[in-house]
Amino acid sequence: MPELPEVEVVRRGVAAHVVDRTVADVEVLHPRAVRKHSAGAGDFATRLTGRRLVAARRRGKYLWLELGDAAEAAASTVAASPKAAGEALLTHLGMSGQLRVQPEHVPDEKHLRVRLRFDGGGDELRFVDQRTFGGLSLASLVSVNDVLVPAPIAHIAPDPLEPAFDREAIAEAVRARRTGIKRALLDQSLISGIGNIYADEALWRAGLHWARPTATLTRPVVRRLLDAVIDVMHDALRAGGTSFDALYVNVNGESGYFDRSLAVYGQSGRECPTCAATVRRDTFMNRSAYTCPGCQPTPRNAHW
DNA sequence: TCCAAGTCCTGTATGC
DNA sequence: TGCATACAGGACTTGG
């Protein structure tokens, strides 16, 4: 599932292949893929056509392509379309979304949802999504603490790889919560970019059980956990992300290999690499939480 | 039929 | 009592 490291890998690929290109044509093959664009698929295609992609940026699991002025596009076919300086093509990959850069002669993927063609032909940018939890939309950019972000994600907190990530402030915010630590880690308005995989891996590295109440954590323990989050993100990024199956690939269709380094996530019944205890799976928020009972003992006052 | 899981929405709880 | 905020849980989705 695409979490922060996987989205960053995709961002780098998109930046290398489609930034500075002008959109010649937009094809929406499944309306659900643009459901967040309230004006509909037709408006999405019309407003995006003729725009130049000037930068690829990311916050947490969201990725966006900043759009240049429509008037800059010499070959624009919709010169009369509304100019929107400070606009972006906002993307979320959901559970199974992929942004693929493909030569135009490559046959369509089974779950191809949106296709962008560019002036001059050549490679296309394709949004492929089996489960359609992800999607694309056009959004205006707003300034949040001197950082320009798309308006729909203005509430999303900085992620652990951003300069704006304030470890001390977040540690205090975590301790002020009255919930379990894993639920807090998954709250994108507190820290962005963490999903189920890296939450479990970071908690294991920090030696904390997922049900530990946030209010019982000391400042040094929360700092240790945030350091574990940062470390696991960097390790996964170096490995090209985590791929369990064909649902996550980079823009060239290649898988990452961080799944080989996972200590607990998806490892129920196997030995913990540190203490050899058997990793267990619990049900948490209608999904899974993996822990090592040796390294991550269940707290007496667990917040189930 | 169940499972995977990120986000949004809604209902409930809490505090002022 | 009423309001604002925090929190919890379900719905959505598709293919194995």
Side-chain angles (χ1 to χ4, degrees), chain A residues 1-8 10 29-38 58-64 90-99 109-114 127-137 139 149-157 159 170 172-203 210-216 229 233 236 241-249 258-259 262 264-269 280-290 301-304:
Chain A
M1 313 304 162
E3 299 183 29
L4 186 156
E6 292 76 35
V7 179
E8 175 59 17
V10 171
L29 295 106
H30 195 305
R32 186 175 155 78
V34 294
R35 66 192 181 285
K36 297 284 178 63
H37 189 82
S38 56
R58 181 192 56 73
R59 167 163 281 184
K61 304 169 195 171
Y62 287 90
L63 183 155
W64 65 94
L90 178 61
T91 306
H92 194 290
L93 302 179
M95 286 177 63
S96 55
Q98 303 172 357
L99 281 175
E109 292 79 2
K110 183 179 177 184
H111 302 292
L112 176 62
R113 308 303 190 194
V114 179
F127 179 69
V128 178
D129 193 2
Q130 180 195 96
R131 296 174 190 172
T132 59
F133 267 36
L136 311 177
S137 61
V149 298
I153 63 163
H155 64 290
I156 299 294
D159 66 58
I170 291 165
E172 285 308 303
V174 167
R175 296 178 70 238
R177 292 293 174 101
R178 294 294 178 268
T179 186
I181 184 60
K182 182 168 177 179
R183 186 178 270 275
L185 285 180
L186 295 176
D187 184 344
Q188 304 297 300
S189 67
L190 190 60
I191 314 168
S192 69
I194 304 174
N196 216 32
I197 298 172
Y198 299 115
D200 280 358
E201 290 299 305
L203 286 165
W210 59 268
R212 180 81 178 266
T214 49
T216 69
V229 167
M233 295 289 183
T242 303
S243 305
F244 296 109
D245 46 37
L247 289 185
Y248 162 68
V249 291
F258 189 69
D259 56 302
L262 294 172
V264 289
Y265 184 85
Q267 310 298 312
S268 57
R280 58 173 288 172
R281 173 188 174 276
D282 296 311
T283 299
F284 161 77
M285 289 172 71
N286 289 328
R287 55 206 66 182
S288 302
Y290 296 91
N301 48 0
H303 193 108
W304 301 110

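So you know, we letter chains A, B, ... as the sequences are listed, proteins then strands, and number each from 1.
- Between A/G180 and A/F133, the residue whose closest nucleotide on DNA chain C is further toward the 5' end is A/G180.
- Here A/Y198 pairs with A/E6, A/T242 under the side chain to side chain donor-acceptor pair (under 3.5 Å) rule; sequence neighbours left out.
- Between A/L90 and A/P152 the shortest side-chain heavy-atom distance falls below 4.5 Å.
- Look at A/K61 and A/D159 and you find no salt bridge, because none of the NZ, NE, NH1 or NH2 atoms lies under 4.0 Å from a carboxylate O.
- Qualifying side-chain contact (heavy atoms from CB on, under 4.5 Å) partners for A/A33, counting only residues two or more places apart in sequence or in other chains: A/R113, A/V114, A/F127.
- Partners of A/W210 according to the ring pair (Phe, Tyr, Trp, His ring centres under 6.0 Å) rule, which considers only residues two or more places apart in sequence or in another chain, are A/F284, A/W304.
- Among the atoms of the strands shown, base atoms are found under 4.0 Å from some heavy atom of A/R183.
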Please tabulate the protein-to-nucleotide N/O contacts below 3.5 Å involving nucleotides 1-4 of chain B, giving atom names and distances.
| residue | atom | partner | partner atom | Å |
| --- | --- | --- | --- | --- |
| B/dA4 | OP1 | A/R281 | NE | 3.0 |
| B/dA4 | OP1 | A/R281 | NH2 | 2.7 |
| B/dA4 | OP1 | A/S288 | OG | 3.0 |
| B/dA4 | OP2 | A/R281 | NH2 | 3.1 |
| B/dA4 | N3 | A/R131 | NH1 | 3.4 |

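- For A/S38, there are no side-chain contact (heavy atoms from CB on, under 4.5 Å) partners, not counting sequence neighbours.
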Any protein N or O atoms within reach of nucleotides 8-12 of chain B? Criterion: under 3.5 Å, listing atom names and distances.
none

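- Listed by chain and residue number, A/E172, A/R219, A/V222 satisfy the side-chain contact (heavy atoms from CB on, under 4.5 Å) test with A/R175 (two or more places apart in sequence, or in another chain).
- Defined by atom type and a distance below 3.5 Å, a donor-acceptor pair is present between the side-chain atoms of A/R212 and A/T216.
- Contact check, A/H92 against B/dT7: a side-chain N or O comes under 4.0 Å of OP1 or OP2.
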Quick one: which protein N/O atoms are closer than 3.5 Å to N/O atoms of nucleotides 14-16 of chain B? Pair and distance per line, please.
none

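- Rounded to a whole Å, the CG atom of A/L90 is 13 Å from the C1' atom of B/dT7.
- For A/E8, the side chain to side chain donor-acceptor pair (under 3.5 Å) partners two or more places apart in sequence, or in a different chain, are A/R11, A/R12, A/R58.
- The two residues A/E3 and A/G193 come nearest to each other via the heavy atoms CB-O, 3.8 Å.
- For the side chain to side chain donor-acceptor pair (under 3.5 Å) test, no residue two or more places apart in sequence or in another chain qualifies with A/S192.
- A/Y290 pairs with exactly one of A/V264, A/D282, A/L203 by the side-chain contact (heavy atoms from CB on, under 4.5 Å) rule, that one being A/V264.
- For A/P31, there are no side-chain contact (heavy atoms from CB on, under 4.5 Å) partners two or more places apart in sequence or in a different chain.
- To the nearest angstrom, C1' of B/dT7 lies 17 Å from CG of A/L63.
- Using a 4.0 Å cutoff to heavy atoms of chain A, the contacted part of DNA chain C runs 5' to 3' from C/dC7 to C/dG15.
- In this structure, CG of A/D187 is placed 12 Å from C1' of B/dG6, rounded to the nearest angstrom.
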